[in-house]
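Notes follow the structure.
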Amino acid sequence: MILVVGGAGYIGSHLVEELVKSHEVVVLDNLSTGHERSVDSRAIFVKGDLGSQEDLETIFSKYPIKGVMHFAANSLVGESVVDPLKYYENNVAATLTLLKVMLKHDVKNFIFSSTAATYGIPDTDIISEKNPTLPINPYGQSKLMVENILSDFASAYDLRYVVLRYFNAAGASSSGKIGEMHDPETHLVPIILQHLLGQREQISVFGDDYDTPDGTCIRDYIHVTDLASAHIAALESLLSEKIQTAIYNLGNGHGYSVKEVINTCEKVTGRKANVVMSERRAGDPARLVASSEKIQQALGWKAERNLDNIIASAWEWHKHIN
Ligand code: UDP
């Protein structure tokens with residue numbers, strides 16, 4: 001049985017929908033940002049806190065857990081700058097509690113959701129896992145701290161782990177049952193689609209004076225279902241003891257500017273956006289594009305869906321929930 005912490009959230013729920021096809025799954029989520037209805041009905045759902053030793057003890061005593069996948073974190077760069085305590089408490093301290101209980105119950109396989117924000121402002125156009133990790137915001141710091149803890153725990157306690165550094169997750173499941181649903185929404189793709197559905201007056205572009213061809217920030221967008229399949233490949237590599245510890249980037253390898261994402265949304269939906277330029281957002285690097293060569297070489301995984309697929313699937317979801 002696999003424990004998915006944060007399995008009611010956006011990325012966690014997409015992973016669970018895939019994972020239940022090959023494993024028994026128990027989900028722990030406090031529903032602070034997730035939704036119980038997003039959890040696949042084939043998984044066992046437990047409402048509780050990953051920072052609560054008591055909640056964790058109950059699960060580890062009751063179920064034969066052989067691996068843990070950890071999605072439960074706060075993940076907004078801007079918020080982390082104004083409220084770092086929340087990030088270090090929820091992302092670092094609570095993860096330590098989870099690891100402590102895991103080790104007590106001799107559970108040694110761990111998949112950790114990390115982020116491109118660990119790289120800070122990269123000095124290369126394409127980021128590989130060899131790039132230095134110099135985060136420029138508390139969110140990236142909190143994820144890097146856990147990465148370092150995992151490395152020490154692997155040496156000291158034989159923990160086996162895979163760290164997956166996501167670039168920009170977007171899109172929705174082809175099942176039509178789950179998709180991106182944050183409140184408040186801050187992410188670019190859902191914001192554009194909500195605007196095109198008439199739920200927002202305009203789209204604000206945060207800065208058009210970056211050192212990029214059209215002046216807007218470039219990101220690497222990856223379909224959430226591709227992220228899910230990477231997690232399953234990583235989990236299988238741990239369970240089969242093919243891999244002891246690893247860190248992999250997860251991206252498409254293609255960068256799109258904010259303006260290009262807006263244009264693609266207009267093309268896919270056939271609707272016209274009202275776009276206004278606004279100030280830069282704190283903590284935003286100009287360009288974050290992944291090389292995912294390493295995981296392709298090691299596990300044979302690569303992203304199968306492009307930006308058009310991402311936006312088309314997200315559009316179906318947003319039309320359906322509204
Ligand atoms: N962005 C924007 N307007 C918005 C939301 C986001 O211009 O209303 C930009 C943001 O500054 C960044 C990119 O879109 O350059 C992706 O932002 P998002 O919040 O989706 O993901 P992040 O890169 O922060 O993980």
Joint cluster assignment, M69 & V92, ILVMFWY side-chain distance < 4.5 Å: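 No, no single cluster joins them.
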Is it possible for you to say whether F110 and L56 belong to one hydrophobic cluster, with membership spreading through side-chain heavy-atom contacts below 4.5 Å?
->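 Result: yes, single cluster for both.
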Do [Y] and [X] meet the salt-bridge criterion of a basic N to acidic O distance under 4.0 Å?
X: R219; Y: D284; answer: yes
X: R160; Y: D158; answer: no
X: E36; Y: K47; answer: no
X: E147; Y: R165; answer: yes

Can [X] and [Y] be counted as having a side-chain donor-acceptor contact under 3.5 angstrom?
X: H182; Y: E185; answer: yes
X: H70; Y: T95; answer: yes
X: S313; Y: H223; answer: yes
X: D214; Y: S257; answer: yes
X: R200; Y: Q194; answer: yes
X: E57; Y: H105; answer: yes
X: D308; Y: T264; answer: no
X: E236; Y: H23; answer: yes
X: S229; Y: E18; answer: no
X: Y87; Y: E79; answer: yes

Donor-acceptor pair, side chain of [X] and main chain of [Y], under 3.5 angstrom:
X: N309; Y: N306; answer: yes
X: N109; Y: L235; answer: no
X: W301; Y: D226; answer: yes
X: H35; Y: L31; answer: no
X: N131; Y: S128; answer: yes

Minimum-distance pair of heavy atoms, taken over all atoms of [X] and [Y]:
X: I178; Y: S13; value: CD1-O, 3.4 Å
X: K143; Y: A73; value: NZ-CB, 3.4 Å
X: G253; Y: I126; value: O-CD1, 4.4 Å
X: V163; Y: S114; value: CG1-CB, 3.6 Å
X: G140; Y: T118; value: O-CG2, 3.8 Å
X: Y166; Y: S113; value: OH-OG, 2.6 Å

Discussion item. Enumerate the side-chain hydrogen bond (donor to acceptor under 3.5 Å, both in side chains) contacts for residues 246-256, please, sequence neighbours excluded, ordered by first and then second residue.
Written reply: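 side-chain hydrogen bond (donor to acceptor under 3.5 Å, both in side chains) check on residues 246-256 returns Y119-N249.
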